[in-house]
Peer 1: 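Below: one structure in structure tokens.
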Protein chains: 2
Amino acid sequence: MQILDQLDHKILAVLQDNNMTSQREIGDAIGLSAPAVQRRITRLREIGAIKGDISVLNPDYLGSQITIVVQVEMETDKVELIAETKRIFKNTPQVQQCYYVTGENDFLLIIVVYTMKEYEGLTHQLFFNNPGVKRFKSSICMDIVKSGLSIRIPS
Amino acid sequence: MQILDQLDHKILAVLQDNNMTSQREIGDAIGLSAPAVQRRITRLREIGAIKGDISVLNPDYLGSQITIVVQVEMETDKVELIAETKRIFKNTPQVQQCYYVTGENDFLLIIVVYTMKEYEGLTHQLFFNNPGVKRFKSSICMDIVKSGLSIRIPS
DNA sequence: GGCTGTTTTGCACTTTTATTTCATTTCCAT
DNA sequence: ATGGAAATGAAATAAAAGTGCAAAACAGCC
């Protein structure tokens with residue numbers, strides 16, 4: 001894992017906000033030529049500093065979804081069990097995000113479904129069918145106040 | 001808010017996975033010409049079905065951060081208080097995500113900081129300084145098992 | 001059923017952006 | 001200072017996005 005310099009950081013800061021910004025525009029902003037910016041971006045992708053490039057959709061246009069925050073407590077902390085559970089959560093499309101955390105609860109999931117029936121099915125698939133799951137607690141999201149993946153970039 | 005057809009859905013499904021996909025490639029995949037795809041994408045942006053276009057960064061390249069899941073319980077549910085609290089959470093860069101939820105806790109926050117000292121400062125700024133906050137519970141994230149904003153698109 | 005206005009499309013073309021090439025510069029390490 | 005590696009900018013090429021326009025598809029209406 002290589003070290004990134006200030007220019008890389010500035011480029012990343014721009015791209016994590018808007019990756020349609022042209023190389024020329026970025027270059028003007030940070031004092032580099034467009035090709036220099038392009039080579040740095042290529043490198044940032046190659047080394048994996050940029051994991052991907054996506055459009056962020058407005059869920060309102062895709063029918064009404066229900067966002068649910070789920071806290072999952074496991075019976076034990078056996079490595080193999082945790083690893084398998086992670087694998088299952090990761091491969092479930094409705095699971096938008098999954099955090100393995102300290103404290104009473106072991107997992108925190110952000111789940112997005114279209115109907116409560118769909119969610120009920122999911123709970124069987126993800127929790128009731130997993131003997132390692134001791135209990136889970138669901139909270140319905142009334143408002144997604146803030147949503148994103150941006151991280152503050154040290155300058 | 002207009003209705004989207006199957007072709008729009010397919011375009012959105014591609015873009016939320018990789019928005020660098022060329023219009024020609026999308027067109028080939030769904031049976032449209034590149035210009036037709038371009039016009040649809042333009043429209044999807046205009047109406048706000050596409051909220052933005054971003055690069056997803058790998059945090060590992062930006063120094064070691066700490067991801068913390070925070071559950072916040074409020075004293076009361078006064079509209080004005082909740083609204084102001086939402087505003088504060090939304091405008092704090094370290095707050096990556098904020099959900100207003102049902103149940104015992106009112107807010108769920110995903111917070112990303114670089115040091116525990118930074119987090120301690122944040123807790124004062126966000127919680128101790130807010131008389132509406134009754135209590136908050138922090139869980140340290142040991143593993144970001146899955147992270148993203150994708151939603152399943154009905155086909 | 002056929003007509004008409006509207007919308008969407010594909011093709012050809014223009015413009016913009018990304019990418020490559022290459023000579024020059026910068027930056028270290030010696 | 002000096003040689004070598006890495007990064008840069010200018011110029012040229014390649015690729016993609018965006019535009020104009022005529023044709024096709026479609027919906028509503030007589």
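Side chains included, hydrogens not; waters and symmetry mates left out as well; all remaining heavy atoms used. Chain naming here is simple, since letters A, B, ... match the order of the sequence lines and numbering starts at 1 in each.
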Peer 1: Expressed in angstrom and rounded to an integer, what is the separation of B:Asp8 atom CG from C:dT7 atom P?
Peer 2: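 Result: 16 Å.
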Peer 1: Classify the nucleic acid contact of B:Ser22 as base, sugar-phosphate or nothing, counting any heavy atom under 4.0 Å across all strands shown.
Peer 2: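 Sugar-phosphate, backbone atoms only, no base.
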Peer 1: Atom CG of B:Asp5 and atom P of C:dT7: how far apart are they, to the nearest Å?
Peer 2: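 Atom-to-atom, B:Asp5 to C:dT7, this comes out as 15 Å.
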Peer 1: Rounded to whole Å, how long is the line connecting atom CZ of A:Arg43 with atom C1' of C:dT20?
Peer 2: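 Taking CZ of A:Arg43 and C1' of C:dT20, I get 19 Å after rounding.
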Peer 1: Rounding to a whole Å, what distance do you find between A:Leu44:CG and D:dA7:P?
Peer 2: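 Going from CG in A:Leu44 over to P in D:dA7 covers 12 Å.
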Peer 1: Starting at atom CG of A:Asp28, determine the distance to atom C1' of C:dT17, rounded to an integer number of angstrom.
Peer 2: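 Checked: the CG to C1' distance equals 13 Å.
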Peer 1: To the nearest angstrom, how far is A:Ile26 atom CD1 from D:dT8 atom P?
Peer 2: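 Roughly 14 Å, once rounded to whole Å.
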Peer 1: For B:Gln38 and D:dG18, is the shortest distance between a side-chain N/O and OP1 or OP2 below 4.0 Å?
Peer 2: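 Affirmative; the distance criterion is met.
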Peer 1: Kindly say whether, by distance alone, the side chain of B:Arg39 makes a donor-acceptor pair under 3.5 Å with the base of D:dG20?
Peer 2: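 Yes.
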Peer 1: Relative to the 5' end of DNA chain D, which residue comes earlier, A:Met20 or A:Leu32, by the nucleotide with the nearest heavy atom?
Peer 2: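 It is A:Leu32 whose nearest nucleotide is closer to the 5' end.
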Peer 1: Does a donor on one side chain sit under 3.5 Å from an acceptor on the other, for B:Asn19 and B:Asp53?
Peer 2: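 Judged by distance alone, the side chains do pair up.
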Peer 1: Can you tell me if A:Arg40 touches the phosphate of D:dT8, counting only side-chain N or O atoms and a distance under 4.0 Å to OP1 or OP2?
Peer 2: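 Answer yes for this pair, as a side-chain N or O of A:Arg40 is under 4.0 Å from OP1 or OP2.
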Peer 1: Any salt bridge (Lys or Arg N to Asp or Glu O under 4.0 Å) pairs touching residues 88-105 of chain A, not counting sequence neighbours?
Peer 2: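 Of all non-adjacent pairs touching residues 88-105 of chain A, none passes salt bridge (Lys or Arg N to Asp or Glu O under 4.0 Å).
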Peer 1: Of all heavy-atom pairs between A:Arg152 and B:Tyr114, which one has the smallest distance, and what is that distance?
Peer 2: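 Closest approach of A:Arg152 to B:Tyr114: O-OH, 2.6 Å.
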Peer 1: Any donor-acceptor pair under 3.5 Å linking the side-chain atoms of B:Ser139 with those of A:Tyr99?
Peer 2: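 No pair is found: no donor N or O on one side chain lies under 3.5 Å from an acceptor on the other.
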Peer 1: Whole angstroms only, please: what is the CZ-P distance between A:Arg24 and D:dG9?
Peer 2: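 To the nearest whole Å, that distance equals 15 Å.
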Peer 1: CD1 of B:Ile41 versus P of D:dT19: gap in Å, rounded?
Peer 2: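 Taking CD1 of B:Ile41 and P of D:dT19, I get 13 Å after rounding.
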